[in-house]
Amino acid sequence: SRGLIILWSQVRVLVGPPINIEFFVVLILKAFFYRITIMSKIKKELIDSYSSANYFVYADPPFIMNIRKFSNELSKLMKDLNFFSASFITAFNPYSQNLELQDNRSRNKVLELKIQAMQFHYLKGDGRCMDSKKVGEESFLVFGTSKMEAARLGEEFEQNAIVFCERDAIPDLLLLK
């Protein structure tokens with residue numbers, strides 16, 4: 001029978017050459033993320049758009065979050081407010097279907113009331129395409145949500161994806177479809 005012997009930073013199958021563990025871990029992570037993207041029903045172009053968007057937070061002072069990039073401002077804000085997670089959520093344009101501004105704002109008001117009813121601390125913001133200078137989809141940075149609570153809110157308001165941040169203050173895209 002085959003077994004594994006772990007030697008510091010290498011993995012060695014009893015029969016065969018040593019394998020660098022960092023390479024092995026990177027390979028597994030790449031396969032995992034590739035599978036998630038393949039399993040999603042969201043078009044790659046849309047995922048790319050979400051991934052490259054700017055997420056403006058109307059804090060004092062205001063700041064911008066970007067997917068998979070550490071945010072010093074978010075880190076400081078979460079520490080100051082004593083929260084270990086945050087999610088960036090909107091009710092605009094359900095499943096990326098463009099609605100009239102008034103309809104989007106009505107949907108977002110319902111989302112805001114829901115966030116208030118759940119007693120979460122939040123700040124307003126907006127998400128916009130990388131090259132856009134105009135205000136994008138009005139959104140909320142909601143503090144203290146678990147990943148599951150954030151996903152439920154996003155699903156309830158018919159979003160393809162939301163932004164979720166953990167203690168490391170690195171915003172990540174959470175695909176919901």
Side-chain angles (χ1 to χ4, degrees), residues 22 25-26 29-30 32-33 36-37 40 42 46-96 99 101-177:
E22 288 86 8
V25 169
V26 168
L29 288 174
K30 282 183 178 179
F32 176 73
F33 287 114
I36 286 176
T37 303
S40 175
I42 306 168
L46 206 47
I47 293 172
D48 291 344
S49 177
Y50 297 153
S51 296
S52 64
N54 288 316
Y55 298 93
F56 289 77
V57 179
Y58 306 156
D60 186 20
F63 64 94
I64 299 171
M65 298 187 309
N66 296 104
I67 300 300
R68 294 190 196 98
K69 291 184 182 163
F70 173 74
S71 172
N72 191 50
E73 299 89 348
L74 177 62
S75 178
K76 182 179 179 337
L77 194 56
M78 288 186 357
K79 283 177 188 165
D80 290 350
L81 296 171
N82 199 29
F83 287 107
F84 302 112
S85 64
S87 50
F88 198 83
I89 303 174
T90 186
F92 269 47
N93 301 324
Y95 299 130
S96 296
L99 297 181
L101 182 59
Q102 190 60 28
D103 294 333
N104 278 325
R105 285 192 168 150
S106 294
R107 290 174 53 83
N108 237 30
K109 186 62 184 169
V110 173
L111 172 58
E112 184 175 20
L113 291 171
K114 176 108 183 180
I115 292 167
Q116 290 171 347
M118 296 172 81
Q119 299 183 340
F120 285 117
H121 182 82
Y122 68 97
L123 294 172
K124 292 184 177 185
D126 76 86
R128 43 185 115 158
C129 295
M130 189 65 142
D131 54 359
S132 177
K133 299 213 184 304
K134 64 179 185 170
V135 173
E137 294 183 342
E138 296 168 12
S139 305
F140 305 99
L141 179 62
V142 186
F143 294 93
T145 59
S146 69
K147 194 178 277 191
M148 187 169 287
E149 288 168 322
R152 278 193 208 126
L153 273 175
E155 288 168 347
E156 182 177 339
F157 288 89
E158 303 171 302
Q159 297 301 300
N160 288 325
I162 60 168
V163 175
F164 187 76
C165 315
E166 294 186 279
R167 181 184 307 230
D168 61 7
I170 299 174
D172 207 359
L173 201 57
L174 183 58
L175 303 178
L176 304 176
K177 280 180 55 180

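It should be emphasised that the depicted structure is a prediction, and the values quoted were computed from it without experimental measurement. Counting begins at 1 with the first residue of the sequence.
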Give the intermediate values and the outcome of side chain to side chain contact (heavy atoms under 4.5 Å, CB included) for residues Leu74 and Phe63.
CA-CA 8 Å; Leu74 177 62; Phe63 64 94; 4.1 Å; yes
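- The pair Arg152-Glu155 fails the salt-bridge criterion, with no side-chain N (NZ, NE, NH1 or NH2) lying under 4.0 Å from an Asp/Glu carboxylate O.
- Looking at Thr90, its side chain does come within 3.5 Å of a backbone N or O of Glu138 through a donor-acceptor pair.
- Although no hydrogens or angles enter the test, the distance criterion places a donor-acceptor pair under 3.5 Å between the side chain of Asn104 and the main chain of Asn93.
- Contact of the Leu111 side chain with the Phe140 side chain is registered, since non-hydrogen atoms from C-beta on lie closer than 4.5 Å.
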Just do the side chain to side chain contact (heavy atoms under 4.5 Å, CB included) check on Leu46 and Asn160 with the steps written out, would you?
CA-CA 9 Å; Leu46 206 47; Asn160 288 325; 3.5 Å; yes
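- Taking CG of Asp172 as the reference point, atom OG of Ser87 lies at 13.0 Å (rounded to 0.5 Å).
- We find the CG-CD1 distance between Leu174 and Ile67 to be 10.0 Å, quoted to the nearest 0.5 Å.
- Sparse packing is recorded around CD of Gln119, with 12 or fewer heavy atoms of other residues, nucleotides or ligands lying under 6.0 Å away.
- Here Ser52 contributes atom OG and Arg68 contributes atom CZ; the two are 11.0 Å apart, rounded to the nearest 0.5 Å.
- For the pair Arg128 and Phe56, the distance from NZ or CZ to the six-membered ring centre is under 6.0 Å and the angle to the ring normal is within 45 degrees.
- Looking at heavy atoms from C-beta onward, Arg167 lies out of side-chain contact with Ser85 at the 4.5 angstrom threshold.
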Leu141 and Phe143: side chain to side chain contact (heavy atoms under 4.5 Å, CB included), yes or no, with the steps?
CA-CA 7 Å; Leu141 179 62; Phe143 294 93; 3.6 Å; yes
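- Ser139 places no side-chain N or O within 3.5 Å of a backbone atom of Gly125 that could act as its donor or acceptor partner.
- Atom CZ in Phe70 sits 12.5 Å away from atom CE in Met65 (nearest 0.5 Å).
- Judged by distance alone, the side chain of Ser75 and the main-chain N or O of Ser71 form no donor-acceptor pair under 3.5 Å.
- Remark: the Tyr50 side chain and the Ser96 side chain contain an N/O donor-acceptor pair separated by less than 3.5 Å.
- Judged purely by atom type and a 3.5 angstrom limit, Asn66 uses its side chain to pair as donor or acceptor with the backbone of Ala53.
- For the pair Glu156/Lys114, a side-chain contact is recorded, criterion being any heavy-atom separation below 4.5 Å from C-beta on.
- Relative ring orientation between Phe88 and Tyr55 is described as perpendicular, the plane-to-plane angle rising above 60° on a 0-90° scale split at 30° and 60°.
- At distances below 3.5 Å, at least one donor-acceptor pair connects side-chain atoms of Gln159 with backbone N or O atoms of Phe92.
- The existence of a salt bridge linking Lys76 and Asp80 is confirmed by a sub-4.0 Å separation between a basic side-chain nitrogen and an acidic carboxylate oxygen.
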Let me see the working for Glu158 and Arg107 under side chain to side chain contact (heavy atoms under 4.5 Å, CB included), right down to the final yes or no.
CA-CA 10 Å; Glu158 303 171 302; Arg107 290 174 53 83; 3.4 Å; yes
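- Using modelled atom types, one side-chain atom of Asp126 and one backbone atom of Gly136 make a donor-acceptor pair closer than 3.5 Å.
- Closest heavy-atom contact between Leu173 and Ile47: CD2-O, 4.0 Å.
- Separating the CG atom in Leu101 from the OG atom in Ser106 is a distance of 9.5 Å, to the nearest 0.5 Å.
- Counted within 6.0 Å of CG on Asp60, heavy atoms from surrounding residues, nucleotides or ligands total 12 or fewer; the atom is thus considered open.
- Considering all non-hydrogen atoms of both residues, Ala86 and Thr145 come closest at C-OG1, 4.2 Å.
- Minimum interatomic distance between Glu166 and Met78 (heavy atoms only, all atoms of both residues): O-CE, 3.2 Å.
- With rounding to the nearest 0.5 angstrom, the CD1 atom of Ile89 is 10.5 Å from the CG atom of Asn108.
- When side chains are defined from C-beta on, Phe83 does not count as touching Leu77, because their heavy atoms never get closer than 4.5 Å.
- Between Met118 and Leu153, the closest side-chain pair of non-hydrogen atoms falls below 4.5 Å.
- Heavy-atom minimum distance, Tyr58 versus Leu123: O-CD2, 4.5 Å.
- Under the 6.0 Å distance and 45° angle rule, Lys177 counts as a cation-pi partner of Tyr95.
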